[in-house]
Engineer: 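Questions regarding the structure given below will be posed in turn.
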Amino acid sequence: MTESNAPEADSVRLTARVTGMVQGVGFRYWTARKADELGITGSVRNDDDGSVAVVAEGPQPVIVEFRRWLGSDEAPGRVSHVDEEMSQAEGKFSSFDVVM
C-alpha cells in the first residue's frame, strides 16, 4: 500500500449487495456519480444474479449517507433490499469505478 492510498483513521469500507430492479436502469452509473459527489472511492458492478455489488470507502459519516442513498427512492430503479457489511477501510481504491 502506498502512502497516498493509506486510509484515514476514521475511514470505513461498505460492502453491499443491492437487490431489486437495479440492472438496466443506470444504477451503476448513478451510483458512481453519487460516490464522486461525496468524494468516496470504490467500485460498483452488476452480478449474474441480477444484483449490484458495491464496495465504497471513505469517512464513516459520508459512507453512512451513501448507504442511505443506495436504499432510497433517489437511487435509480427499484431497490428492494441492501445487504451490507461495514469494516475498516483498506485504502485499495484511488477513485470510484464502474466495473464492466
Side-chain angles (χ1 to χ4, degrees):
M1 178 176 357
T2 64
E3 193 74 48
S4 62
N5 285 350
E8 297 294 320
D10 68 338
S11 288
V12 295
R13 172 181 275 218
L14 170 69
T15 303
R17 180 176 171 263
V18 184
T19 56
M21 192 177 81
V22 291
Q23 289 192 14
V25 294
F27 190 88
R28 290 177 300 160
Y29 298 98
W30 282 101
T31 298
R33 184 175 176 179
K34 184 66 173 182
D36 287 344
E37 175 186 310
L38 293 172
I40 59 179
T41 61
S43 66
V44 59
R45 74 168 191 272
N46 285 344
D47 280 343
D48 292 338
D49 65 359
S51 67
V52 172
V54 179
V55 178
E57 292 188 351
Q60 185 170 4
V62 179
I63 294 296
V64 168
E65 167 60 19
F66 182 66
R67 163 51 187 98
R68 184 209 59 79
W69 179 86
L70 282 174
S72 75
D73 290 340
E74 298 169 43
R78 206 172 19 216
V79 174
S80 55
H81 190 71
V82 179
D83 289 317
E84 66 185 82
E85 178 182 321
M86 293 281 253
S87 59
Q88 182 66 35
E90 298 176 15
K92 292 185 177 181
F93 301 103
S94 59
S95 61
F96 197 96
D97 299 313
V98 175
V99 178
M100 297 296 179

Engineer: Taking Glu57 for its side chain and Ile40 for its backbone only, find out whether a donor-acceptor pair lies under 3.5 Å.
Structural biologist: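 No, because the side chain of Glu57 does not come within donor-acceptor range (under 3.5 Å) of the backbone of Ile40.
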Engineer: From the options Val52, Thr31, Asp47, select the one residue that forms a side-chain contact (heavy atoms from CB on, under 4.5 Å) with Val22.
Structural biologist: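 Of the listed options, the one satisfying the test is Val52.
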Engineer: To check you understand the geometry: which heavy-atom pair defines the closest contact between Val82 and Ala16, and what is its length?
Structural biologist: CG1-CB, 4.0 Å
Engineer: If you measure from CD on Glu90 to OG on Ser11, what distance do you get to the nearest 0.5 Å?
Structural biologist: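 Atom-to-atom, Glu90:CD and Ser11:OG are 12.0 Å apart.
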Engineer: Nearest 0.5 Å, please: how far is CZ in Arg13 from CD in Gln88?
Structural biologist: 10.5 Å
Engineer: With a sphere of 6.0 Å drawn around CG of Asp83, does it hold more than 12 non-hydrogen atoms of other residues, nucleotides or ligands?
Structural biologist: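 Yes - once you tally the heavy atoms of other residues, nucleotides and ligands closer than 6.0 Å, there are more than 12.
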Engineer: More than 12 foreign heavy atoms under 6.0 Å from CH2 of Trp69: is that the case here?
Structural biologist: yes
Engineer: Is there a path of hydrophobic side-chain contacts, each under 4.5 Å between heavy atoms, that joins Phe93 and Val99?
Structural biologist: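 Each belongs to a different hydrophobic cluster.
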Engineer: What salt bridge (Lys or Arg N to Asp or Glu O under 4.0 Å) pairs are there with at least one residue in residues 25-40, not counting sequence neighbours?
Structural biologist: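 As it turns out, the salt bridge (Lys or Arg N to Asp or Glu O under 4.0 Å) pairs with a partner in residues 25-40, which skip direct neighbours, are Lys34-Glu37.
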Engineer: Can you check side-chain contact (heavy atoms from CB on, under 4.5 Å) on Lys92 and Val55, steps first, answer last?
Structural biologist: CA-CA 11 Å; Lys92 292 185 177 181; Val55 178; over 6 Å; no
Engineer: Would Phe66 and Val54 count as a side-chain contact (heavy atoms from CB on, under 4.5 Å) here? Give the steps.
Structural biologist: CA-CA 11 Å; Phe66 182 66; Val54 179; 3.8 Å; yes
Engineer: Taking all heavy atoms of Ala56 and all of Phe96, pick out the closest pair and write down the distance.
Structural biologist: CB-CE1, 4.1 Å
Engineer: Is any side-chain N of the basic residue among Arg68 and Glu74 closer than 4.0 Å to the acidic one's carboxylate O?
Structural biologist: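 A salt bridge links Arg68 with Glu74.
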Engineer: Does Thr19 offer a backbone N or O that forms a donor-acceptor pair with the side chain of Ser80 under 3.5 Å?
Structural biologist: yes
Engineer: Got Val25 and Arg78 here, is their nearest side-chain heavy-atom distance under 4.5 Å?
Structural biologist: no
Engineer: For side-chain contact (heavy atoms from CB on, under 4.5 Å), just list the numbers for Asp10 and Gln60, CA-CA rounded to whole Å, side-chain angles, deciding distance to a tenth of an Å, and then say yes or no.
Structural biologist: CA-CA 6 Å; Asp10 68 338; Gln60 185 170 4; 5.7 Å; no
Engineer: Which heavy atom of Gln23 sits nearest a heavy atom of Ser51, and at what distance?
Structural biologist: NE2-O, 2.8 Å
Engineer: Looking only at non-hydrogen atoms, find the nearest pair between Pro76 and Phe27 and report the distance.
Structural biologist: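 Residues Pro76 and Phe27, closest heavy atoms: O-CD1, 3.3 Å.
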Engineer: Rounded at 0.5 Å granularity, tell me how far CG in Asp97 sits from OG1 in Thr41.
Structural biologist: 9.5 Å
